[in-house]
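Counting begins at 1 with the first residue of the sequence. All values below come from the heavy atoms of this structure, side chains included, with hydrogens, waters and symmetry mates left out.
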Amino acid sequence: SIDVVQNDGQKRAIAAYIAAGRMRAFSNPAFRQELARYKRTNLTRSQNGMPGFTMGFPTLLSLVAPLAIRLFNVTKLMRRHDDRLFTTDTAAFVIISGGEDSLWGACLLGQKLEQILLEMEARGLATSIQVIGSDGTPLQQILGCQMTPRILFRLGYPTELPAHSPRISSTACTTLL
């Protein structure tokens, strides 16, 4: 099933769910070490990695982002920014639930997601995929559904064009069997 959440109360509940998941992830030093290896400054011309703006860091802070991520839980600094991003600045959340819990089910779900994201892009909508933890029960309760939430993304019309994000050509990182 596909649920589109625009209700302010449900959006706040989903924002709290995302924030709690981020807090757990960033509390793990091993997670922070790995993420820091891929974090780049906002000025990067690299073909890989994630510029600081992907986490809401302004340019100056992006210069020390890898070090800051390694040393402490930066989600505490970003809490106010994230609260606004996930409530006021997010028109809707889309949650895709159900599907077979298998490799094949994940492939089918990925195909459906790709179709949805391409259609949204064609209509001028921006999307941003969010992480769903291994326990989707809180999302089930927010939505009042029985199926397991698999994919969660933000949806809305952008107020500004996104900045450059590094890309590696698909031929450089994939092969056909």
Point to revise | Sequence-distant partners of Arg12, salt bridge (charged side-chain N to carboxylate O under 4.0 Å, His left out), two or more places apart | key: none
Review point. Does Lys39 use its side chain to pair, donor to acceptor, with the backbone of Ala65 at less than 3.5 Å?
Key: no
Review point. Is the backbone N or O of Leu63 less than 3.5 Å from a side-chain atom of Thr41, with the two atoms forming a donor-acceptor pair by type?
Key: no
Review point. Could you give all pairs that pass the salt bridge (charged side-chain N to carboxylate O under 4.0 Å, His left out) test and reach residues 103-123, with sequence neighbours left out?
Key: Glu119-Arg123
Check your understanding: So do the side chains of Asp3 and Phe93 get within less than 4.5 Å of each other, counting heavy atoms only?
Key -> no
**Study point:** Same cluster (ILVMFWY, side-chain, under 4.5 Å), Met23 and Phe86
**Key:** no
Practice item. Over all heavy atoms of both residues, which pair between Ala92 and Gln6 is shortest? Give the atoms and the distance, please. Key: CB-CG, 3.7 Å
Check your understanding: Would Asn73 and Arg32 count as having a side-chain donor-acceptor pair, cut-off 3.5 Å?
Key -> no
Review point. Got a sec, which residues hit salt bridge (charged side-chain N to carboxylate O under 4.0 Å, His left out) with Arg37, two or more places apart in sequence or on another chain?
Key: none
Check your understanding: Looking only at heavy atoms, which two atoms of Asp83 and Thr87 are closest? And how far apart?
Key -> O-OG1, 2.5 Å
Check your understanding: Do other residues, nucleotides or ligands put more than 12 heavy atoms under 6.0 Å from the CG atom of Leu118?
Key -> yes
Check your understanding: Between the side chain of Asn42 and the main-chain N/O of Ser62, is any donor-acceptor distance below 3.5 Å?
Key -> no
Check your understanding: Of the options Glu34, Met55, Gln33, which is the one that meets Ile69 in a side-chain contact (heavy atoms from CB on, under 4.5 Å)?
Key -> Met55
Review point. Within the side chain of Arg154, is there an N or O that forms a donor-acceptor pair under 3.5 Å with the backbone of Gln130?
Key: no
Practice item. Kindly work out whether a path of hydrophobic side-chain contacts (I/L/V/M/F/W/Y, heavy atoms less than 4.5 Å apart) joins Tyr17 to Ile151. Key: no
Exercise for review: Walk me through it: do Leu152 and Ile129 pass the test side chain to side chain contact (heavy atoms under 4.5 Å, CB included)?
Suggested key: CA-CA 6 Å; Leu152 165 65; Ile129 296 176; over 6 Å; no
Practice item. State whether the number of non-hydrogen atoms from other residues, nucleotides or ligands found under 6.0 Å of Phe72 atom CZ is greater than 12. Key: yes
**Study point:** Sidechain-backbone polar pair: Thr44 side chain, Arg40 backbone, donor-acceptor under 3.5 Å
**Key:** no
Practice item. State which residues pass ring-ring contact (aromatic ring centres under 6.0 Å, His included) with Phe26; sequence neighbours excluded, sorted by chain then number. Key: Phe31
Exercise for review: Look at the side chain of Gln10 and the backbone N and O of Leu143, then say whether any donor-acceptor pair between them is shorter than 3.5 Å.
Suggested key: no
**Study point:** Results of side-chain hydrogen bond (donor to acceptor under 3.5 Å, both in side chains) for Ser97 - residues two or more places apart only
**Key:** none
Exercise for review: Quick one: which residue pairs count as a salt bridge (charged side-chain N to carboxylate O under 4.0 Å, His left out) with a foot in residues 20-31, not counting sequence neighbours?
Suggested key: Arg22-Asp82
